[in-house]
Amino acid sequence: MGQDQTKQQIEKGLQLYQSNQTEKALQLWMKVLEKSSDLVGRFRVLGCLVTAHSEMGRYKEMLKFAVVQIDTARELEDANFLLESYLNLARSNEKLCEFHKTISYCKTCLGLPGTRAAAQLGGQVSLSMGNAFLGLSLFQKALESFEKALRYAHNNDDAMLECRVCCSLGSFYAQVKDYEKALFFPCKAAELVSDYGKGWSLKYRAMSQYHMAVAYRLLGHLGSAMECCEESMKIALQHGDRPLQALCLLCFADIHRSRGDLQTAFPRYDSAMSIMTEIGNRLGQVQVLLGVAKCWVARKALDKALGAIERAQDLAEEVGNKLAQLKLHCLSESIYRSKGLQRELRAHVVRFHECVEETELYCGLCGESIGEKNSRLQALPCSHIFHLSGPVFLPKETTEREFSKVMGERRPGPEVPPSPMPDPWPRLWPA
């Protein structure tokens, strides 16, 4: 199969894919891959296969095609192709929650010599790196990467990239519990879809609606959360987007749990867990198990809650997500407190404070914890975040080193009581 015929078949596959005839598109692209002798064409069809398998949640297959694409890029001896293939490899590992590998491949992308692709894809590299840092609960580094990606989007008038970054920022602020910003950014993403997204894939609308649903639930606006989540789920079902279906099911379950309707929440957690396990989203599985554990606590079934927590803790440690570990230790602490088991209680309090230190979830200006409750946060140019209440005014030219010195002077150390443990202990903040 020659160059022209390869190009025609790739385009035909794209038309099939865009009309939701996914399996036919995949069969056609695989046929092109087997028969085409055109290296550039093979590279492009591998890119199509990577994207398609990503959207279907077939992350292991996505990774397999990304590796083959790198080999093809090396045969082409072109730095532009190499950068694009390493980005796909980074994304594949991000989806599989291999966050350290993602960061490594992103750094490889950034270390390649200046190319045309670097100007076009630099923002996407920064976004993927930011998502990986967020997956590891390295919040300052995540915010720094997201801000770089946002600058790329603005400098290149790339509204599609800006939309994706806004969704990631919504997730960032949801995790550090600034729910106002957690809603603002996906609303901005939805606005971009409305203004510029006439020819975009519906996945961008679905993605923004999902993140709005998460924020509305955290703010207690459960009706609005349900409406947004239903809209996102509708699009996910139409397009066979399994990863988004799983996230929506998790959000539905959380909404029902927030309403106190545990009987409705449990089957939705089960469905979300089934898809998360199928696609390999281990961090998603942790979130499901955390919700299930909270349901069991609400039903006073503490041993069942501890069983879910134990499974979630193993996955969270495997992935390296410190915030999930922190929440799980917090929930365990409340359970062991109610059981009166002092030794286990103390162990979880110690680990909780260690996680707070590792994630640097404290305000360097007021010394209070960040993420304990909903509060307004502000980011400095160095990407440190602090509480807006009771602000400490610093000169505009304050450097990161100077601010870090302030943080070092103000930040509280972990207050772990000595053994034997006094009773009662001060309670940790809510999971």
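Both backbone and side-chain heavy atoms feed into the values below; hydrogens, waters and symmetry mates do not. Computed from a prediction, not measured in an experiment: that's the story for all the values here.
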A142 to G130 - nearest heavy-atom pair and separation
CB-O, 3.6 Å
Angle class for the F43/F81 ring planes (parallel below 30°, perpendicular above 60°, tilted otherwise)?
tilted
The side-chain hydrogen bond (donor to acceptor under 3.5 Å, both in side chains) partners of R268 (sequence neighbours excluded) come to none
Given the rule in the ring pair (Phe, Tyr, Trp, His ring centres under 6.0 Å) test, do F185 and Y173 qualify, once you have shown the distances and angles that lead to the verdict?
CA-CA 9 Å; F185 282 104; Y173 282 106; 5.7 Å; yes
So do the side chains of R164 and Y204 get within less than 4.5 Å of each other, counting heavy atoms only?
yes
Look up atom OH in Y152 and atom CG in L161, then write down how far apart they are to the nearest 0.5 Å.
10.5 Å
Kindly compute the distance separating OG1 (T22) from NE2 (H53), expressed to the nearest 0.5 Å.
10.5 Å
Nearest heavy-atom approach of C97 to N281 is SG-OD1, 3.8 Å
Has D78 got a side-chain atom pairing as donor or acceptor with N80's backbone, closer than 3.5 angstrom?
yes
As a quick check of understanding, evaluate side chain to side chain contact (heavy atoms under 4.5 Å, CB included) for L169 and K181, giving each step before the final call.
CA-CA 8 Å; L169 282 167; K181 286 188 177 67; over 6 Å; no
Would the W29 and F65 ring centres measure less than 6.0 Å apart?
no
Run T102 and C106 through side chain to side chain contact (heavy atoms under 4.5 Å, CB included) and show every step you take.
CA-CA 6 Å; T102 302; C106 285; 4.3 Å; yes
Checking the side chain of S85 only, and the main-chain atoms of L82 only, is there a donor and an acceptor separated by less than 3.5 Å?
yes
Sub-3.5 Å donor-acceptor pair from the side chain of H239 to the main-chain atoms of I235, do we have one?
no
Who are the side-chain hydrogen bond (donor to acceptor under 3.5 Å, both in side chains) partners of E191, not counting sequence neighbours?
none
So, using side-chain hydrogen bond (donor to acceptor under 3.5 Å, both in side chains) as the criterion, who are the partners of E94 when residues are at least two apart?
S128, N131
I279 versus L96, closest heavy-atom pair with distance:
O-CD2, 4.5 Å
Atom CG of L326 and atom NE2 of H329: how far apart are they, to the nearest 0.5 Å?
8.0 Å
Run E55 and R242 through side chain to side chain contact (heavy atoms under 4.5 Å, CB included) and show every step you take.
CA-CA 7 Å; E55 293 183 355; R242 297 287 281 168; over 6 Å; no
Using only atom types and a distance under 3.5 Å, with no angle test, would you say the side chain of S194 pairs donor to acceptor with the backbone of A190?
no
For the residue pair T72 and V40, establish whether any side-chain heavy-atom pair is separated by less than 4.5 Å.
no
Does a sphere of radius 6.0 Å around CD in Q238 hold more than 12 heavy atoms from other residues, nucleotides or ligands, not counting ones at 6.0 Å or beyond?
yes
State, to 0.1 Å, how close C248 and S232 come at their nearest heavy-atom pair, and which atoms those are.
SG-OG, 3.4 Å
Does the side-chain hydrogen bond (donor to acceptor under 3.5 Å, both in side chains) test come out yes or no for Y269 and R257, once each step is laid out?
CA-CA 10 Å; Y269 280 128; R257 177 172 57 79; 2.9 Å; yes
From SG (C109) to CD (E84), nearest 0.5 Å
10.0 Å
Starting at CZ of R351, measure out to NE2 of H348 and round the result to the nearest 0.5 Å.
10.0 Å
Donor-acceptor pair, distance only, cut-off 3.5 Å: does the side chain of S126 make one with the backbone of G123?
no
Contacts of T51 meeting side-chain hydrogen bond (donor to acceptor under 3.5 Å, both in side chains) (sequence neighbours excluded), chain-then-number -> none
Counting C-beta onward and ignoring hydrogens, is there a side-chain heavy-atom pair between E318 and D314 closer than 4.5 Å?
no
For residues I103 and A132, report the shortest heavy-atom separation together with the two atoms involved.
CG1-CB, 3.7 Å
Is there a side-chain contact between R42 and Q69 in this structure, where contact means two heavy atoms from C-beta onward sitting under 4.5 Å apart?
no
Would you please name every residue forming a ring pair (Phe, Tyr, Trp, His ring centres under 6.0 Å) with Y59, sequence neighbours left out?
none
With side chains defined as the heavy atoms from C-beta onward, is the minimum distance between I10 and L28 less than 4.5 Å?
no
Side chain proximity check, S171 to H211, heavy atoms < 4.5 angstrom
yes
Can you find a heavy atom in the side chain of Y216 that is under 4.5 Å from one in the side chain of M212?
yes
Are any side-chain N or O atoms of S104 and backbone N or O atoms of H100, one a donor and one an acceptor, separated by less than 3.5 Å?
no
Tell me whether N93 contacts the main-chain N or O of E98 through its side chain, where contact means a donor paired with an acceptor under 3.5 Å.
no
Find the distance between OG (S258) and CZ (R217) and round it off to the nearest 0.5 Å.
4.0 Å
Check whether any side-chain N or O of S145 sits under 3.5 Å from a backbone N or O of K141 as a donor-acceptor pair, and report yes or no.
yes
Crowded around F266 CZ? As in, over 12 foreign heavy atoms under 6.0 Å?
yes
Listed by chain and number, what are the ring pair (Phe, Tyr, Trp, His ring centres under 6.0 Å) partners of F252, not counting sequence neighbours?
none
Mind running side-chain hydrogen bond (donor to acceptor under 3.5 Å, both in side chains) on H154 and E162 for me, showing each step along the way?
CA-CA 7 Å; H154 291 160; E162 184 178 355; 3.3 Å; yes
Just do the side-chain hydrogen bond (donor to acceptor under 3.5 Å, both in side chains) check on R91 and S54 with the steps written out, would you?
CA-CA 9 Å; R91 285 173 172 164; S54 172; over 6 Å; no
Do K234 and E230 have side-chain heavy atoms sitting under 4.5 Å apart?
no
Considering all heavy atoms, the nearest L323-S137 contact
N-OG, 2.8 Å
With no hydrogens and no angle check, is any side-chain donor or acceptor of E333 less than 3.5 Å from a backbone partner on L345?
no
Using salt bridge (charged side-chain N to carboxylate O under 4.0 Å, His left out), reason through E23 and R58 one step at a time and then give a plain yes or no.
CA-CA 13 Å; E23 291 303 326; R58 299 176 184 175; 3.1 Å; yes
Evaluate the criterion side chain to side chain contact (heavy atoms under 4.5 Å, CB included) for residue pair L306 and E310; output intermediate values, then yes/no.
CA-CA 6 Å; L306 288 171; E310 186 177 350; over 6 Å; no
